[in-house]
Novice: 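I have a structure I would like to understand better, so I am pasting it below and will then ask my questions one at a time.
Below, all heavy atoms of this structure are taken into account, side chains as well, without hydrogens, waters or symmetry copies. Below, chains carry the letters A, B, ... as their sequence lines are ordered, and counting in each starts from 1.
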Amino acid sequence: MSIRQRINSDLVSGGVVLLAVLVFWSQRDFTNPLARSLPDTILALLTVLALVLVVRGIVQPQSSSPFTGTKSLGLLVAVALLVAWVFLVSPLGFLYSGILMFFVASLYMREWPIRVKGLILDAVVSVLVVGGVYLIFTRVLLVPLSPSPF
Amino acid sequence: MLEFLAEAFVQNLSPSLLLLIFLGVLGGMAMGAIPGISATVGLALLLPVTFTMDPLNGLVLLGAVYMGAIYGGSFTAILVNVPGTPSSIATTFDGYPMTQQGRSEEAVVGVTVASAVGGVIGVLGLIFLAPPLANFVLNFGPQEYFWLGIFGLAMIASLAADSLVKGLIGGSLGLLIATVGISPVGGEVRFDFGLTFLQGGIPLIVALIGFFTIPVIIDLITDPASRGGEMIEEGAGRRSSVLVSTVRDVLSRPLNLLRSSVIGTFVGALPGAGGNIANLIAYSEARRASRNPERYGKGEVDGVVAPESANGAVVGGGLIPLLTLGIPGAPPDAVIYGVLLLHGLRPGADLFVAQGSLTFTFMVSVAMAAVMLIPVGLIAGRALQRAVVGTPTRYIVPGIVLLTIIGSYAVRNNVADVALMFLLGLAGYGLRSVGIVPPTIVLGIVLGVIVEEGLVQGLLASSGLAAPWTSFFTRPISLVIIVLTLVGVALVLWADRRARRRDGQEGGETAE
Amino acid sequence: MHARRVMTEWVSLLRFGWLAGLAFALFLLAACGGAEGGSGEQGSGDDYPSQPVSYVLPFDPGGESDVTARLQQGPLEEALGTSVTVSNQPGGGGALGWSELTRTEPDGYTIMGHNLPHIIMQPLTRDDAGYETEQIKQAYIFQSTPNALVVPADSPIDSLEDFVEEAEENPGSISVGGSGEFTANHVGTLEFGRLTDVELTYVPFSGTGSASPALLGGQVDALMTYNTAAIDLQDQGAKVLAVASEERAENLPDVPTFNELGYEHQEGAYRGVAVPPETPDEIVDTIAEAFREVNEDPETVEEMNELGYTLEDMGPEEAEQFTQERQEDYTDLLQELDLIDD
């Protein structure tokens with residue numbers, strides 16, 4: 001289903017920023033006065049700005065629906081696809097994770113139903129594109145991409 | 001000097017040098033278009049090749065690659081919203097909207113003209129103004145860099161989409177991200193959240209790729225039509241007319257080209273600031289001077305012309321302190337410096353006299369490289385643009401993801417950066433949906449470094465004063481920048497207010 | 001209407017799941033196939049090097065270490081008899097690369113540039129630098145750049161003696177710029193301050209390239225920089241007061257050493273190459289021998305001199321001993337100045 005959630009963006013953003021300030025504040029263990037001058041100023045400024053947003057969100061509630069038209073499952077799939085790709089890089093290496101996920105992504109974005117011809121075409125494109133990019137980076141640009149663990 | 005110049009010009013017309021420039025520009029363009037491969041990396045890769053060449057050919061090749069790489073960065077910025085190098089950040093602001101409107105060819109032609117003009121103006125500045133500019137630039141101390149950073153941050157006023165408060169939050173979040181890692185003073189590790197690799201900070205390119213690209217990828221997967229319905233239709237018949245009309249359009253506003261190129265030359269000549277800052281300043285100045293500032297960010301051609309002419313001019317500008325003082329104006333110049341030294345060429349007045357023939361030929365060749373962008377860009381560049389536009393979205397999307405992953409890895413050959421890029425991108429997507437837009441965050445990240453270094457270095461360097469902070473308000477150039485910042489912000493806010501009032505009236509009329 | 005949309009979205013999710021499953025199955029197949037073919041051959045010390053060697057710099061391209069490595073690449077290939085690729089893994093003033101090195105396969109096929117005093121100071125001054133000095137197994141130290149003290153052309157200070165006097169009269173108000181924190185420039189400033197018992201304010205810049213304009217523009221009163229940058233500054237009229245090496249620097253023959261002027265002070269940056277801990281000694285010796293040959297290559301020697309570097313030849317044992325000595329000195333210095341806990 002489509003996300004039609006209306007949110008009070010001032011309240012939400014203010015809250016998120018306050019949370020971020022809190023997280024950063026908890027990590028503030030450095031001592032040199034010059035090393036903390038800028039971070040402290042920014043954290044104070046962010047707190048004030050976030051409070052302004054929160055107050056504005058309560059006093060003048062304005063809701064918006066940022067995800068109008070975005071399908072919730074589509075969003076989920078997009079993020080899942082990216083997460084899978086990013087986290088497969090370490091175990092599989094750039095080449096194999098690339099070919100695999102390029103293939104999956106291109107098939108997913110194809111018109112359904114998929115014909116065998118399309119499947120084969122996408123597989124060939126995946127291998128060629130990812131293999132080509134891999135070769136350019138490792139051979140020409142000398143970027144040491146880890147090939148694969150096996 | 002004129003003798004040298006004439007001789008240099010003639011020498012640059014020799015087929016062998018022209019071929020070298022052509023190859024350099026083409027190769028540089030390809031490297032620049034790949035996110036994660038910056039101009040500096042490209043030059044460093046070529047270093048061993050230049051060792052085997054004579055000094056002139058080596059320098060000419062490096063200059064051409066540099067020019068090509070800075071130009072190439074605009075392609076990914078326009079076509080897929082990924083700045084290929086940090087010098088093309090502002091190019092995404094209007095370049096990608098143009099692509100979404102099916103006007104990517106116009107954008108590509110626009111940046112080609114802009115880069116060529118900017119590149120030539122930068123070299124003119126180098127040839128005719130090097131000594132006075134270099135001397136002036138030395139007056140920029142830590143305090144001035146601090147204020148320059150604040151001046152840049154004031155751009156938030158024009159970048160913030162609908163709410164100034166949210167714009168300021170975005171900028172502050174960017175500044176906060178910039179403080180992650182080793183502090184410039186005290187050598188302390190800040191905000192590493194217990195992760196050792198964060199002591200190296202968050203590299204600008206990793207943040208750029210994440211914040212700009214991940215939201216676009218998510219958009220494209222959830223709604224492939226957001227790539228722009230008309231993208232594939234650009235017919236062959238219109239091609240020549242787009243070319244001619246765009247060139248005429250861009251050249252019809254020479255002031256924008258000139259202003260942006262002068263900004264680029266000057267910022268490039270500042271040893272503490274390079275293309276990453278110049279393109280942003282040029283963009284915001286172009287918007288401020290425009291009669292239609294509300295069109296910026298929605299596909300205004302001047303919005304891609306300004307940053308690209310500025311970063312083209314940075315190439316020549318950056319060579320000013322290098323050739324006169326031995327101080328690299330921007331990181332890629334450090335590589336050129338190495339080559340100069342290897343061949344026993346010491347920067348300084350001597351370089352322009354005793355080695356005048358070589359030096360002038362090199363400088364003119366950089367301008368030739370800028371001119372070479374026109375044929376290369378209009379043929380190879382437009383071919384690339386057409387190829388990207390013609391490729392189905394189902395291949396474009398995984399292709400972008402592949403490039404973002406490898407690109408963020410390549411910045412410092414670190415797998416953790418890939419995850420970092422992705423997390424920042426997700427955060428950027430979330431923040432964008434509540435009105436905190438990625439450009440403001442990125443602005444904070446870019447400028448955070450010079451703001452903080454300027455602040456702490458300024459305080460330390462004036463520790464002889466009773467109150468060191470007063471040094472930030474007593475130096476003449478600092479005061480000029482402060483005034484410019486205040487006036488600039490006031491103008492933008494005033495113009496916005498007027499525009500809003502106008503919109504409000506129009507809205508009222510239609511409602512009646 | 002709604003039902004239809006929900007349907008299509010479920011179909012899209014199922015489609016994704018199905019594809020992911022299919023892809024995973026394919027991947028498993030590939031993995032099985034790959035596992036059979038890829039039984040790795042571990043190279044022992046005897047046939048080293050039989051593969052290309054990766055020479056990694058933990059710094060940005062374009063810097064001194066980077067340019068040096070790219071100069072060495074050709075002669076190193078000759079000496080090792082295999083191809084050498086140079087790449088960069090910057091971050092944290094080198095710490096990211098060195099911490100990665102401690103986790104790298106100790107087969108000699110990854111070698112990394114290292115830098116004194118960085119590899120001593122970072123573990124000393126950071127809670128967790130990601131590595132310990134002892135984990136950096138040094139194969140060779142091949143060059144050094146001594147510190148040099150420079151003042152602007154229009155400075156009233158004309159000699160080292162003037163400098164010390166000026167600093168005694170105005171404690172803390174003489175600003176000395178340099179490249180980075182806890183670098184040779186920084187440590188040199190601290191050491192010299194301790195030696196002469198004066199208070200100097202050190203201003204760290206992000207590199208030699210951004211420190212030089214600060215001196216020329218008069219933003220700082222003096223600069224503790226490397227001899228390589230000092231020569232350019234001298235060309236611009238700045239006064240080089242002294243150089244912190246044992247003998248005068250070759251590119252600054254007219255500048256006295258600190259020792260000559262009566263101040264026992266030597267400091268500078270040393271660059272070398274290191275391998276992961278646990279690397280077999282034969283391999284380390286092979287690498288050291290190769291770098292020794294590179295340092296004897298006449299063309300390289302000329303290029304290094306051109307760049308203003310002093311060549312050093314310290315093999316694995318010497319380098320380790322040298323590092324230990326320096327480590328003790330630095331620990332004393334930092335403890336005395338209360339910059340680290342005892």
Side-chain angles (χ1 to χ4, degrees), chain A residues 7 9 12-13 16-17 20 24 27-28 30-32 34-39 42-43 45-46 49-50 52-53 56 64 66-67 69-71 74-75 77-79 81-83 85-87 89-90 94 98 101-102 105-110 122 125-126 129-130 133 137 141-146, chain B residues 31 34 36-37 41 45 163 165-166 168-169 172-173 175-176 179 183-193 214 217-219 221-224 393-395 397-399 401-403 405-406 409-410 413 415 418-419 421-422 425-426 430-436 448 451-452 455-456 459-460:
Chain A
I7 55 168
S9 76
V12 171
S13 54
V16 168
V17 172
F24 272 83
Q27 290 288 318
R28 200 177 131 284
F30 35 96
T31 47
N32 187 307
L34 282 173
R36 63 203 292 180
S37 58
L38 187 77
I42 299 166
L43 286 173
L45 183 69
L46 272 175
L49 291 169
V52 169
L53 278 186
R56 197 168 78 182
S64 62
F67 300 105
T70 310
K71 296 167 181 161
L75 187 62
V77 168
V79 174
L81 205 71
L82 289 169
V83 170
W85 199 329
V86 167
F87 287 94
V89 166
S90 266
F94 286 90
M101 294 311 292
F102 194 107
S106 58
L107 270 189
Y108 170 74
M109 296 187 74
R110 226 172 221 286
D122 285 0
V125 170
S126 307
V129 171
V130 180
V133 169
F137 269 87
L141 300 172
L142 302 179
V143 174
L145 298 174
S146 52
Chain B
M31 286 194 273
I34 299 173
I37 305 292
V41 176
L45 278 171
S163 149
V165 178
K166 285 180 183 168
L168 288 172
I169 287 185
S172 308
L173 285 175
L175 289 173
L176 200 58
T179 65
S183 67
V185 170
E188 284 187 278
V189 180
R190 299 184 298 189
F191 302 127
D192 69 340
F193 298 92
I214 295 294
I217 292 171
I218 295 177
D219 286 348
I221 297 179
T222 53
D223 178 19
T393 310
R394 67 171 183 279
Y395 294 138
V397 169
V401 180
L402 183 71
L403 276 186
I405 286 181
I406 296 187
Y409 171 83
N413 298 333
V415 182
V418 180
M421 177 277 295
F422 174 65
L426 269 193
L431 288 170
R432 193 187 66 176
S433 60
V434 292
I436 299 172
V451 167
E452 178 163 34
L455 180 68
V456 295
L459 289 175
L460 281 174

Novice: Using the ring pair (Phe, Tyr, Trp, His ring centres under 6.0 Å) criterion, which residues pair with B:F422? Sequence neighbours excluded.
Specialist: none
Novice: Taking ring pair (Phe, Tyr, Trp, His ring centres under 6.0 Å) as the definition, give me every residue that meets it alongside B:F191, ordered by chain and number, with sequence neighbours left out.
Specialist: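 In terms of ring pair (Phe, Tyr, Trp, His ring centres under 6.0 Å), with neighbours along the sequence ignored, B:F191 is linked to A:F24, A:F30.
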Novice: So what's closer than 4.5 Å to chain A heavy atoms on B:I436: side chain, backbone, both or neither?
Specialist: side chain
Novice: Chain A heavy atoms under 4.5 Å from B:V418: which part of the residue, side chain, backbone, both or neither?
Specialist: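 B:V418 touches chain A through backbone and side-chain heavy atoms alike.
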Novice: As an exercise: rank B:V41, B:L431, B:L168, B:L455 by heavy-atom pairs under 4.5 Å with chain A and give me the winner.
Specialist: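 With the most close heavy-atom pairs to chain A, the winner is B:L168.
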Novice: What part of B:M421 lies closer than 4.5 angstrom to a heavy atom of chain A: side chain, backbone, both or neither?
Specialist: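 Neither part, no heavy atoms under 4.5 Å.
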Novice: Could you tell me which of A:V143, A:V16, A:V79, A:V86 has the largest number of non-hydrogen atom pairs under 4.5 Å with chain B?
Specialist: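 Of A:V143, A:V16, A:V79, A:V86, A:V86 has the most heavy-atom pairs under 4.5 Å with chain B.
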Novice: Identify which part of B:L45 has an atom lying under 4.5 Å from any heavy atom of chain A, answering side chain, backbone, both or neither.
Specialist: side chain
Novice: Return yes if some donor-acceptor pair links the side-chain N/O of B:Y395 with the main-chain N/O of A:S126 below 3.5 Å, else return no.
Specialist: no
Novice: Hey, which of B:D219, B:V397, B:I221 has the most heavy atom pairs under 4.5 Å with chain A?
Specialist: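 When all of B:D219, B:V397, B:I221 are compared, B:I221 has the most.
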Novice: Shorter than 4.5 Å, heavy atoms on both sides: which option in A:L53, A:V129, A:V52, A:L45 has the most such pairs with chain B?
Specialist: A:L53
Novice: With a 4.5 Å heavy-atom cut-off, do B:Y409 and A:V89 have their side chains touching?
Specialist: no
